[in-house]
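Order of appearance sets the numbers: ligands from 1, and atoms from 1 within every ligand. What you see is a predicted model; the values in this text were computed from it and never measured.
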Amino acid sequence: MRRALAGLPANSDPNLLVGFNLADDAGVYRLSDSEALVQTVDFFTPIIDDPYTFGAIAAANALSDVYAMGGQPLTALNIVGFPANELDSAILNQILLGGQSKAAEAGCTLVGGHTVQDPELKYGLAVTGLVHPDRIYTNAGAQPGDRLILTKKLGTGLIANAFKASHLAEADLAEAVASMTALNKAAAEILPAFAVHAVTDVTGFGLLGHAAEMAQASQTGLVFHAAQVPALALSLTLAANGLKGGARDNQLFLAPKVAIAEGVDPARANLLFDAQTSGGLLIAVAEAEAAALLEALHQSGVEAAALVGEVTEKNPSCIRVEP
Ligand code: CO
Ligand code: CO
């Protein structure tokens with residue numbers, strides 16, 4: 001995507017507050033001094049078998065980019081690719097119901113959508129939200145000394161892939177499914193009370209991929225403490241066998257930007273590159289408020305939230321992973 005966008009002319013509209021130049025989570029467009037639109041779209045192929053749950057995961061994932069910008073989701077459109085000749089429409093109905101349940105939980109109104117005939121099933125949402133133009137969380141505000149908090153466990157990619165390859169039982173998926181269907185709403189709603197400087201959500205590029213975007217946009221370095229990063233059960237066991245697919249791509253792409261210190265457990269290092277679906281928020285918060293924010297997250301049910309690192313001065317390798 002980055003390569004595809006490279007040749008496009010820069011947008012000069014002064015109301016475009018966040019465009020695609022800094023690889024942020026969503027576009028933000030100012031309507032007035034007090035309101036801006038947050039716009040994002042995401043859809044993908046099923047990662048689990050149950051259609052209702054897949055719909056819920058895809059919707060939670062799409063809504064997440066609005067929360068990552070500090071916005072409140074307002075409306076959404078369904079985006080569907082469906083092999084109507086091969087699959088019963090009852091399956092699509094379940095997917096849409098799952099998506100709608102998450103939109104409703106977010107207080108977001110589904111206003112329509114579009115379906116195309118597609119040999120490969122795909123589902124997601126285009127979401128529009130609102131944010132105050134002065135309270136946008138981009139990935140560009142991290143400051144040296146800030147602490148980094150991650151609000152969900154890592155490992156959804158490893159677990160979904162192992163399940164697809166029939167290496168896991170349905171019951172082994174439960175924790176990952178609960179994590180992927182959880183909205184980032186509760187976490188996002190707490191942030192305005194704290195000195196939060198930058199936010200992004202962790203999805204396909206893995207923790208370190210989205211962290212690298214934050215470091216680049218903020219012109220800082222980042223340090224992660226691998227042992228403190230929360231991990232889904234079984235994900236470390238799976239990560240010990242190495243990475244495949246998107247996670248392996250992340251690892252190769254990020255290699256020049258990531259220095260892994262001696263003594264870091266190799267499985268924990270691998271986990272940091274795992275592609276996440278509907279992952280948590282990565283938050284840079286002033287050091288003095290980090291403990292209070294973490295406590296507030298735990299109090300409001302974001303139990304997996306953990307302090308995972310800190311922001312440093314800019315350095316050539318960008319990200320350092322310590323044990
Ligand atoms: Co995002
Ligand atoms: Co996205």
Side-chain angles (χ1 to χ4, degrees), residues 1-2 4-5 16-29 36-44 47 56-74 76 79 99 102-103 106 108 123-131 135-142 148-154 156-157 179-189 191 196-218 222 246-247 249-250 253-254 272-284 302 304-305 308 319:
M1 191 62 186
R2 266 177 285 228
L5 290 172
L16 182 66
L17 303 180
V18 180
F20 51 69
N21 54 328
L22 286 177
D24 221 309
D25 297 295
V28 183
Y29 190 86
L37 284 179
V38 184
Q39 294 183 288
T40 183
V41 56
D42 212 340
F43 59 98
F44 45 77
I47 50 166
I57 290 170
N61 180 76
L63 288 158
S64 176
D65 278 325
V66 175
Y67 293 126
M69 302 307 290
Q72 165 69 42
L74 189 67
I79 297 174
K102 283 295 146 183
C108 177
Y123 173 66
L125 298 177
V127 187
T128 299
L130 285 177
V131 67
R135 282 173 233 136
I136 300 165
Y137 296 129
T138 69
N139 57 13
L148 295 169
I149 290 176
L150 176 65
T151 66
K152 288 189 187 181
K153 296 178 182 181
L154 296 184
T156 63
S179 179
M180 290 188 285
T181 53
L183 292 176
N184 283 323
K185 180 175 196 275
E189 285 174 352
L191 301 184
V196 168
H197 296 147
V199 180
T200 191
D201 62 341
V202 178
T203 51
F205 299 138
L207 175 64
L208 294 187
H210 294 281
E213 290 174 343
M214 184 182 281
Q216 168 80 31
S218 301
L222 301 177
D249 293 344
N250 289 340
F253 177 76
L254 292 164
L272 307 183
F273 298 98
D274 184 41
Q276 302 302 290
T277 298
S278 190
L281 300 179
L282 175 65
I283 303 158
V302 188
V308 295
I319 292 176

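Not one N/O/S atom of D24, from backbone or side chain, sits under 2.8 Å from the Co ion (ligand 1).
For D25 atom OD1 and D201 atom OD1, the angle they make at the Co ion (ligand 1) is roughly 80°, to 10 degrees.
Under the 3.5 Å distance criterion, with hydrogens and angles disregarded, a donor-acceptor pair is assigned to the side chains of N184 and S64.
The atom name of the N/O/S atom in D65 closest to the Co ion (ligand 1) is OD1.
The shortest side-chain heavy-atom distance between V131 and M69 does not fall under the 4.5 Å cut-off. L74 is listed as a side-chain neighbour of L130, based on a closest heavy-atom distance under 4.5 Å.
Counting heavy atoms of neighbouring residues, nucleotides and ligands inside a 6.0 Å radius, atom CD of Q216 does not exceed 12 of them.
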